[in-house]
S.K.: 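Right, I'll just put the structure down here and ask away after.
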Amino acid sequence: MTEFIGEMIGTMILIIFGGGVVGGVVLKGSKAEGTSWVLISFGWGLAVMLAVYAVGKVSGAHINPAVTLGFAMVGEFPWSKVPKYLSAQLVGAFIGAVVVFFHYLPHWKETEDKGAKLAVFSTDPAIRSPLSNFVSEIIGTFMLVMGLLFIGANDFTQGLNPAIVGLLITAIGMSLGGTTGYAINPARDIGPRIAHYVLPIPGKGTSDWRYAWVPLFGPILGGIYGGLFYKAIFVNDLMVAFWIFTVIILAIFLTAARKELKQANNEDVQTSRANA
């Protein structure tokens with residue numbers, strides 16, 4: 001098996017199990033309908049674990065462009081392989097989403113909620129505020145790449161690493177996933193979103209492309225900065241790129257905070273005037 005096929009199959013497995021657990025929770029008529037965010041978080045964690053077990057020895061099981069780019073930025077992965085890995089991840093995510101579509105064939109027409117149907121394929125925010133949602137994706141993916149590098153720096157019993165990685169995904173989902181649905185993986189969102197767009201899903205509604213930039217670029221920025229931060233702080237390898245991305249990240253965070261606080265203050269003023 002080639003590295004391309006390994007990454008493609010690994011990402012496909014990720015989406016089949018990850019998209020599958022979301023479908024079970026949100027689609028009408030499923031026996032898992034209405035269960036909790038905890039189930040979704042564990043489902044995605046197990047999805048990652050199984051994908052890593054499946055192809056870890058073939059491709060390293062990045063199954064995520066943010067991981068590939070983060071590792072490449074700090075010299076943990078050759079840039080020459082990046083295009084091959086990114087394309088394999090996108091194709092695998094698309095195929096996995098198509099499999100999920102077929103799995104839930106009778107449930108699409110039973111589900112009236114267009115947002116629920118889209119949620120099986122891609123992420124959407126709990127509170128739509130694109131810049132703040134962007135910040136959430138940066139933080140989640142930063143912790144993902146940092147966590148992977150922490151895990152890689154420790155010795156575990158042979159075969160245990162994928163399980164630890166799965167627990168990392170579960171932890172991110174439970175702690176940080178409630179704001180945006182934690183894409184933390186551009187392929188995981190864009191590949192299935194394309195599938196949602198092209199598949200004949202009854203009453204599917206829009207694929208919400210206006211939001212798609214958030215789960216695309218947020219994880220990329222967070223993944224790259226996670227790798228640079230690890231190298232700078234834990235390995236004492238201060239790269240020029242670390243300072244550049246630190247300034248960019250700070251500017252984004254401060255702009256998002258200023259916007260949210262200004263909006264909150266305006267709402268308080270309007271409430272006070274209404275009550276006067």
Side-chain angles (χ1 to χ4, degrees), residues 41 44 62 64-77 79 82 85-86 89 122-153 165 168-190 208-269:
S41 295
W44 277 104
H62 291 188
N64 184 342
V67 172
T68 300
L69 290 169
F71 283 8
M73 181 64 72
V74 297
E76 296 289 332
F77 186 74
W79 281 104
V82 168
Y85 270 58
L86 299 190
Q89 291 154 1
S122 57
T123 60
D124 67 299
I127 298 174
R128 185 169 292 252
S129 182
L131 191 57
S132 295
N133 302 148
F134 189 66
V135 167
S136 290
E137 288 293 339
I138 290 173
I139 293 171
T141 319
F142 172 85
M143 294 308 301
L144 169 64
V145 172
M146 285 274 287
L148 292 174
L149 291 168
F150 291 152
I151 292 168
V165 173
L168 169 64
I169 300 300
T170 301
I172 292 172
M174 289 183 173
S175 299
L176 305 173
T179 53
T180 62
Y182 75 124
I184 60 172
N185 181 339
R188 167 265 178 275
D189 188 276
I190 299 302
D208 196 13
W209 289 106
R210 288 189 302 173
Y211 180 76
W213 69 273
V214 173
L216 174 61
F217 295 109
I220 289 174
L221 188 55
I224 289 173
Y225 191 61
L228 292 170
F229 189 90
Y230 178 85
K231 280 286 188 179
I233 304 303
F234 292 90
V235 186
N236 294 320
D237 184 4
L238 281 169
M239 304 170 68
V240 174
F242 168 75
W243 298 111
I244 294 173
F245 277 87
T246 296
V247 171
I248 293 172
I249 294 288
L250 284 174
I252 293 170
F253 278 38
L254 291 173
T255 302
R258 181 175 179 273
K259 179 181 177 182
E260 294 294 342
L261 293 173
K262 181 178 180 180
Q263 183 177 342
N265 289 334
N266 289 339
E267 291 175 354
D268 288 342
V269 170

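When reading the values below, keep in mind they use all heavy atoms of this one structure, side chains included, and skip hydrogens, waters and symmetry mates.
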S.K.: Can you tell me how far the CH2 atom of Trp79 sits from the CG atom of Leu69, to the nearest 0.5 Å?
M.R.: 5.5 Å
S.K.: Distance from Met143 atom CE to Ile184 atom CD1, nearest 0.5 Å?
M.R.: 11.0 Å
S.K.: In this structure, are over 12 heavy atoms from other groups packed under 6.0 Å from Leu250 atom CG?
M.R.: yes
S.K.: To the nearest 0.5 Å, what is the distance between OG1 (Thr255) and CG (Leu131)?
M.R.: 6.5 Å
S.K.: Measure the shortest side-chain to side-chain distance between Phe229 and Val145 over non-hydrogen atoms and say whether it is less than 4.5 angstrom.
M.R.: no
S.K.: Just to verify, what does Ser129 make a side-chain contact (heavy atoms from CB on, under 4.5 Å) with, not counting sequence neighbours?
M.R.: Ser132, Glu260
S.K.: Restricting to ring pair (Phe, Tyr, Trp, His ring centres under 6.0 Å), what partner residues turn up for Phe245, sequence neighbours left out?
M.R.: none
S.K.: Less than 3.5 Å apart, which donor and acceptor atoms pair up between the side chains of residues 211-226 and the rest of the protein, not counting sequence neighbours?
M.R.:
unit_1, atom_1, unit_2, atom_2, d
Trp213, NE1, Arg210, O, 3.4
Tyr225, OH, Thr246, OG1, 2.8

S.K.: Locate the shortest heavy-atom distance separating Thr179 from Leu176; write the atom from each residue and the value.
M.R.: OG1-O, 3.5 Å
S.K.: Listing request: all salt bridge (Lys or Arg N to Asp or Glu O under 4.0 Å) pairs with a residue in residues 128-149, at least two apart in sequence or in separate chains.
M.R.: Arg128-Asp208
S.K.: Looking only at heavy atoms, which two atoms of Thr68 and Val82 are closest? And how far apart?
M.R.: CG2-CG2, 4.1 Å
S.K.: Among residues at least two apart in sequence or on other chains, which ones pass side chain to side chain donor-acceptor pair (under 3.5 Å) with Thr141?
M.R.: none
S.K.: Under the salt bridge (Lys or Arg N to Asp or Glu O under 4.0 Å) definition, can you give me all pairs with a residue in residues 234-251, not counting sequence neighbours?
M.R.: none
S.K.: Using the test side chain to side chain donor-acceptor pair (under 3.5 Å), find all partners of Asp189 that sit at least two apart in sequence or belong to another chain.
M.R.: Thr123, Arg193
S.K.: Quick one: side chain to side chain donor-acceptor pair (under 3.5 Å) partners of Ser122, sequence neighbours excluded?
M.R.: none
S.K.: Is the His62 ring parallel, tilted or perpendicular to the Phe71 ring (thresholds 30°, 60°)?
M.R.: perpendicular
S.K.: In terms of ring plane angle, is the pair Tyr182 and Trp44 parallel, tilted or perpendicular, where the classes change at 30° and 60°?
M.R.: perpendicular
S.K.: What's the spacing between Asn64 CG and Leu86 CG if we round to 0.5 Å?
M.R.: 9.5 Å
S.K.: Please round to the nearest 0.5 Å and tell me the distance separating atom CG of Leu144 and atom CD1 of Ile139.
M.R.: 14.0 Å
S.K.: Given the rule in the side-chain contact (heavy atoms from CB on, under 4.5 Å) test, do Glu76 and Lys231 qualify, once you have shown the distances and angles that lead to the verdict?
M.R.: CA-CA 10 Å; Glu76 296 289 332; Lys231 280 286 188 179; 3.3 Å; yes
S.K.: Under the side chain to side chain donor-acceptor pair (under 3.5 Å) test, which residues partner Thr170, sequence neighbours left out?
M.R.: none
S.K.: Out of curiosity, Ile244 CD1 to Leu228 CG, how far, rounded to the nearest 0.5 Å?
M.R.: 9.5 Å
S.K.: Would you name the heavy atoms of Leu238 and Ala232 that are closest together and state the gap between them?
M.R.: CD2-CB, 3.5 Å
S.K.: List the residues meeting ring pair (Phe, Tyr, Trp, His ring centres under 6.0 Å) with Phe234, not counting sequence neighbours, and say none if there are none.
M.R.: Phe150, Tyr230
S.K.: How would you list all residue pairs meeting salt bridge (Lys or Arg N to Asp or Glu O under 4.0 Å) that involve residues 169-183, not counting sequence neighbours?
M.R.: none
